[in-house]
Participant: 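Dropping the structure in here first, questions after.
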Amino acid sequence: MDDSIIELENELDSINTKNWVTKSNELIESTYKLSLQEQRILLVMASKVQPSDETLKTYRFRARDFIEIIGNSKKTGFYSYLREIVNGLQTKVLTIKKDGKQRNYSWVITSIYEDNEGYITLQFHPELKGFFLELKDKFTSYQLENVVRLNSVYSIRIYELLKQYERIRKRKLTLMELRTFLGIEPTKYKQYGHFKSKVLLVAQKEVNNNTDINFMFNEIKTGRKVTSIEFIIKSNIHDIVEVLPEDIDSEKEEEEQLLLFDDLPLQLSNLGVTAEKIKWLMSEFPEEQIRRNIDYVQSRKGISRKAGYTVKAIQLDYALSTEKEKESPEKVILEPSEEAIQEFIKENVPKRKVKRVEHLPIYMLRQPAINFFCKYVSEEEATKIWELRQEEIYNEINKKSKSMLIKN
């Protein structure tokens with residue numbers, strides 16, 4: 001046998017987390033469900049694929065190196081554990097829907113175990129070639145180190161979906177699309193609150209803390225129901241530094257960073273509140289007051305300046321006032337624009353009975369009204385409200401003011 005062939009067969013592939021993973025966007029947006037360990041195996045394999053490769057090669061790894069990357073959650077013999085994962089991976093299916101057709105692919109075609117040597121040989125299915133090789137456009141690249149730090153399968157998928165749109169800086173997905181991409185069954189996390197806490201917030205903490213991007217998200221509602229998520233994506237410009245055990249200051253800094261990503265600050269951040277304001281709110285107001293007002297703001301429609309409105313809601317405890325109002329059936333929760341109009345009318349009507357009322361010309365109310373409405377909505381919306389409803393507002397002020405006159 002040719003010595004070069006023997007040498008090639010015995011050659012070992014190293015695992016370098018600095019290697020790049022490149023996938024077609026079609027693969028990133030496909031439907032599949034894998035365990036965390038299965039995901040990591042495929043990502044390591046993908047990081048070995050080179051742009052110059054003409055075919056998907058066979059890779060031979062030291063089993064111990066693989067286990068260091070994918071982890072051993074069962075704490076059993078690492079080699080038998082790895083074999084169990086790969087056996088499971090060979091049964092998993094990748095589904096691609098295109099041009100009205102659904103195609104199913106196997107992930108791995110070759111897996112060879114060398115018990116005595118402690119090696120494993122793996123190869124992608126050749127039909128997957130178009131998803132990894134000869135990609136001229138519509139592909140996404142990132143370094144392996146960004147995903148091997150993530151401890152949730154959903155975090156890995158969300159990272160890829162957002163990395164794909166990093167330059168655009170925004171990505172909007174319906175909940176149905178997102179659940180499909182993440183491979184979440186219809187019966188799992190049926191309540192949005194569970195989906196948010198178990199998937200979105202976990203992914204946000206992991207991605208923001210461990211990768212080269214970070215994100216916030218806005219909840220888009222149809223009626224009272226959250227139906228879509230808008231992700232706001234930013235590039236992380238800082239380097240991720242490993243904490244040394246003897247570095248006490250670094251450990252303290254890491255603890256503070258973890259505290260920063262508690263769910264309450266995250267929710268405030270998602271509403272646009274700055275870190276400085278978050279710190280102040282957390283120190284000045286009870287947790288329950290902050291939480292109920294976050295829920296209150298999220299339930300409101302038409303609020304354009306959510307950050308300022310959120311801070312004000314917490315300060316004045318709008319949620320508690322609303323709960324008291326609900327006890328009176330005649331009181332109705334108004335939209336921000338309607339609330340602005342009603343409050344402006346109230347502001348311009350005498351608070352007590354008077355002998356005479358001065359009626360200002362309608363044009364003199366324009367700027368004071370717009371300035372007042374800006375407490376509730378954007379300046380553009382405030383101007384629009386006045387232009388559309390100025391006569392109605394003006395007549396209502398005059399009518400209510402007239403009712404406050406002392407009758408002779």
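Everything numeric here is computed off the predicted structure, so don't read it as measured data.
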Participant: Please assess Phe131 against Tyr105 for the test ring-ring contact (aromatic ring centres under 6.0 Å, His included), listing each intermediate value before the final yes or no.
Facilitator: CA-CA 11 Å; Phe131 301 123; Tyr105 301 87; 5.6 Å; yes

Participant: Would you find a donor on one side and an acceptor on the other, under 3.5 Å apart, between the side chain of Ser35 and the backbone of Glu38?
Facilitator: yes

Participant: Give the C-alpha distance, both sets of side-chain angles, the deciding distance and a yes or no for side chain to side chain contact (heavy atoms under 4.5 Å, CB included) between Arg62 and Tyr119.
Facilitator: CA-CA 5 Å; Arg62 183 178 284 105; Tyr119 299 135; 4.3 Å; yes

Participant: With the side chain counted from C-beta on, respond yes when Leu56 and Ile109 share a heavy-atom pair under 4.5 Å apart, and no when they do not.
Facilitator: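 No - every pair of side-chain heavy atoms lies 4.5 Å or more apart.
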
Participant: Return the orientation label for the Phe124 and Trp107 ring planes: parallel under 30°, perpendicular over 60°, tilted otherwise.
Facilitator: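 Judged by the thresholds at 30° and 60°, the geometry between Phe124 and Trp107 is tilted.
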
Participant: In terms of side-chain geometry, is the basic nitrogen of Asp295 or Arg291 positioned less than 4.0 Å from the acidic oxygen of its partner?
Facilitator: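 A salt bridge is absent here (no side-chain N lies under 4.0 Å from a carboxylate O).
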
Participant: Under 6.0 Å from the NZ atom of Lys277, do we count more than 12 heavy atoms belonging to anything else shown?
Facilitator: no

Participant: Looking at Thr211, Asn210, Asp212, which one forms a side-chain hydrogen bond (donor to acceptor under 3.5 Å, both in side chains) with Tyr159?
Facilitator: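 Among Thr211, Asn210, Asp212, the one that satisfies the side-chain hydrogen bond (donor to acceptor under 3.5 Å, both in side chains) with Tyr159 is Asp212.
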
Participant: Salt bridge or not for Glu127 and Arg103, using N-O below 4.0 Å?
Facilitator: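 Looking at Glu127 and Arg103, the cut-off is not met.
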
Participant: So, Ser47 side chain and Val44 main chain: donor-acceptor pair closer than 3.5 Å or not?
Facilitator: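 Yes, because the side chain of Ser47 sits within donor-acceptor range (under 3.5 Å) of the backbone of Val44.
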
Participant: Before giving the answer on side-chain hydrogen bond (donor to acceptor under 3.5 Å, both in side chains), spell out for Arg292 and Tyr318 the whole-Å C-alpha distance, their side-chain angles and the decisive distance to 0.1 Å.
Facilitator: CA-CA 9 Å; Arg292 66 172 169 258; Tyr318 285 174; over 6 Å; no

Participant: Mind checking what makes ring pair (Phe, Tyr, Trp, His ring centres under 6.0 Å) contact with Trp20, not counting sequence neighbours?
Facilitator: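 Testing Trp20 for ring pair (Phe, Tyr, Trp, His ring centres under 6.0 Å), a comparison that skips the adjacent residues, returns none.
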
Participant: So which atom in Leu43 and which in Ile156 form the shortest heavy-atom distance, rounded to 0.1 Å?
Facilitator: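 Closest heavy-atom pair between Leu43 and Ile156: CD1-CG2, 4.0 Å.
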
Participant: Does the side chain of Thr140 pick up a donor-acceptor pair with the side chain of Asn25 at under 3.5 Å?
Facilitator: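 Yes - a donor-acceptor pair under 3.5 Å links their side chains.
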
Participant: Is a donor on one side and an acceptor on the other found under 3.5 Å between the side chain of Asn209 and the backbone of Lys205?
Facilitator: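 The answer is no, because no donor-acceptor pair under 3.5 Å joins these two groups.
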
Participant: So which heavy atom on Ala203 is nearest to which on Ile158, and how close?
Facilitator: CB-CD1, 3.7 Å

Participant: With a 3.5 Å distance limit and no angle check, can you tell me whether Lys306 reaches the backbone of Gln298 through a side-chain donor-acceptor pair?
Facilitator: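 Judged by distance alone, no pair lies under 3.5 Å.
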
Participant: Got a sec, which residues hit ring pair (Phe, Tyr, Trp, His ring centres under 6.0 Å) with Tyr394, two or more places apart in sequence or on another chain?
Facilitator: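 Tyr394 satisfies ring pair (Phe, Tyr, Trp, His ring centres under 6.0 Å) with no other residue.
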
Participant: Please evaluate residues Trp280 and Phe285 with respect to the criterion side chain to side chain contact (heavy atoms under 4.5 Å, CB included), reporting the C-alpha separation (whole Å), side-chain torsions for both, the decisive distance (0.1 Å), and the verdict.
Facilitator: CA-CA 8 Å; Trp280 177 73; Phe285 300 96; 3.7 Å; yes

Participant: Within the side chain of Asn146, is there an N or O that forms a donor-acceptor pair under 3.5 Å with the backbone of Tyr142?
Facilitator: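 Not a single qualifying donor-acceptor pair exists.
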
Participant: Tell me, which pairs form a ring-ring contact (aromatic ring centres under 6.0 Å, His included) where one or both residues lie in residues 187-221, sequence neighbours left out?
Facilitator: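 Non-adjacent pairs meeting ring-ring contact (aromatic ring centres under 6.0 Å, His included): Phe215-Phe231.
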
Participant: Does the pair Thr17 and Glu145 meet the rule for a side-chain hydrogen bond (donor to acceptor under 3.5 Å, both in side chains), with working shown?
Facilitator: CA-CA 5 Å; Thr17 59; Glu145 64 181 348; 4.6 Å; no

Participant: Report the residue from Leu316, Asp317, Thr310, Val311 that forms a side-chain contact (heavy atoms from CB on, under 4.5 Å) with Ile314.
Facilitator: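 That would be Thr310.
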
Participant: Which atoms form the tightest heavy-atom contact between Glu177 and Lys172, and what is the distance?
Facilitator: OE1-O, 4.4 Å

Participant: With side chains defined as the heavy atoms from C-beta onward, is the minimum distance between Ile393 and Trp386 less than 4.5 Å?
Facilitator: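 SC-SC contact between Ile393 and Trp386 confirmed.
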
Participant: Between Glu206 (side chain) and Asn151 (backbone), is there a donor-acceptor pair under 3.5 Å?
Facilitator: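 Answer holds: yes.
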
Participant: Between the side chains of Arg389 and Glu338, is the shortest nitrogen-to-carboxylate-oxygen separation below 4.0 Å, so that they form an ion pair?
Facilitator: yes

Participant: Do other residues, nucleotides or ligands put more than 12 heavy atoms under 6.0 Å from the NZ atom of Lys221?
Facilitator: yes

Participant: Please report the shortest heavy-atom distance between Cys374 and Ala382, naming the atom on each side.
Facilitator: SG-CB, 3.9 Å

Participant: Less than 4.0 angstrom from a charged side-chain N to a carboxylate O is my criterion; do Glu219 and Lys196 meet it?
Facilitator: yes

Participant: Ignoring hydrogens and geometry, is there a side-chain-to-backbone donor-acceptor pair from Asn293 to Gln289 under 3.5 Å?
Facilitator: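 Yes: the side chain of Asn293 pairs with the backbone of Gln289.
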
Participant: Could you go through Tyr32 and Gln39, starting from their C-alpha distance and side-chain angles, then the distance that decides it, and tell me whether this counts as side chain to side chain contact (heavy atoms under 4.5 Å, CB included)?
Facilitator: CA-CA 10 Å; Tyr32 58 87; Gln39 275 267 46; 4.0 Å; yes

Participant: Any chance you could lay out the side chain to side chain contact (heavy atoms under 4.5 Å, CB included) test for Val86 and Leu122, step after step, and finish with the verdict?
Facilitator: CA-CA 9 Å; Val86 175; Leu122 298 166; 3.7 Å; yes

Participant: Please tabulate, for the side chains in residues 361-369, all donor-acceptor contacts under 3.5 angstrom to protein atoms that are two or more places apart in sequence or on a different chain.
Facilitator:
from	atom 1	to	atom 2	distance (Å)
Arg366	NE	Glu387	OE2	3.4
Arg366	NH2	Glu387	OE2	3.2
Gln367	NE2	Asn371	OD1	3.0

Participant: Output yes when a side-chain donor or acceptor of Arg171 lies under 3.5 Å from a complementary backbone atom of Leu161, and no otherwise.
Facilitator: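 Yes: the side chain of Arg171 pairs with the backbone of Leu161.
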
Participant: So, Asn16 side chain and Lys18 main chain: donor-acceptor pair closer than 3.5 Å or not?
Facilitator: yes

Participant: Just how far is it from atom CE of Met216 to atom NZ of Lys234, taken to the nearest 0.5 Å?
Facilitator: 5.0 Å

Participant: Please answer whether the main-chain N or O of Glu54 pairs with a side-chain N or O of Lys129 as donor and acceptor at a distance below 3.5 Å.
Facilitator: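 Such a contact is found between Lys129 side chain and Glu54 backbone.
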
Participant: Among residues at least two apart in sequence or on other chains, which ones pass side-chain hydrogen bond (donor to acceptor under 3.5 Å, both in side chains) with Glu166?
Facilitator: Lys163, Ser235

Participant: Is it the case that more than 12 heavy atoms not belonging to Glu185 sit under 6.0 Å from its CD atom?
Facilitator: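 Enclosed: over 12 neighbouring heavy atoms sit under 6.0 Å from CD of Glu185.
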
Participant: Within this structure, what is the CG-CD distance for the pair Asn87 and Glu84, rounded to the nearest 0.5 Å?
Facilitator: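 Rounded to the nearest 0.5 Å, the CG-CD separation comes to 8.0 Å.
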
Participant: Looking at Thr31, Thr180, Asn104, which one forms a side-chain hydrogen bond (donor to acceptor under 3.5 Å, both in side chains) with Thr95?
Facilitator: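 Per the side-chain hydrogen bond (donor to acceptor under 3.5 Å, both in side chains) rule, the option paired with Thr95 is Asn104, out of Thr31, Thr180, Asn104.
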
Participant: Please report the closest heavy-atom contact between Ser155 and Val207, naming both atoms and the distance.
Facilitator: O-CG2, 3.9 Å

Participant: Should Leu133 and Val49 count as side-chain neighbours, where that means a heavy-atom distance under 4.5 Å?
Facilitator: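 Sidechains of Val49 and Leu133: in contact.
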
Participant: For Tyr154, check ring pair (Phe, Tyr, Trp, His ring centres under 6.0 Å) against everything at least two apart and list the hits.
Facilitator: none

Participant: Compare all side-chain heavy atoms of Leu42 with those of Val108 and state whether any distance is below 4.5 angstrom.
Facilitator: yes

Participant: Flag the pair Gln102 / Ile96 as yes when at least one side-chain heavy-atom distance between them is below 4.5 Å, and no otherwise.
Facilitator: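 Heavy-atom side-chain distance check fails, nothing below 4.5 Å.
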
Participant: Less than 4.0 Å between a side-chain N and a carboxylate O, is that true for Glu380 and Lys384?
Facilitator: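 No, Lys384 and Glu380 are not salt-bridged.
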
Participant: Which heavy atom of Ile213 sits nearest a heavy atom of Asn236, and at what distance?
Facilitator: O-ND2, 3.1 Å

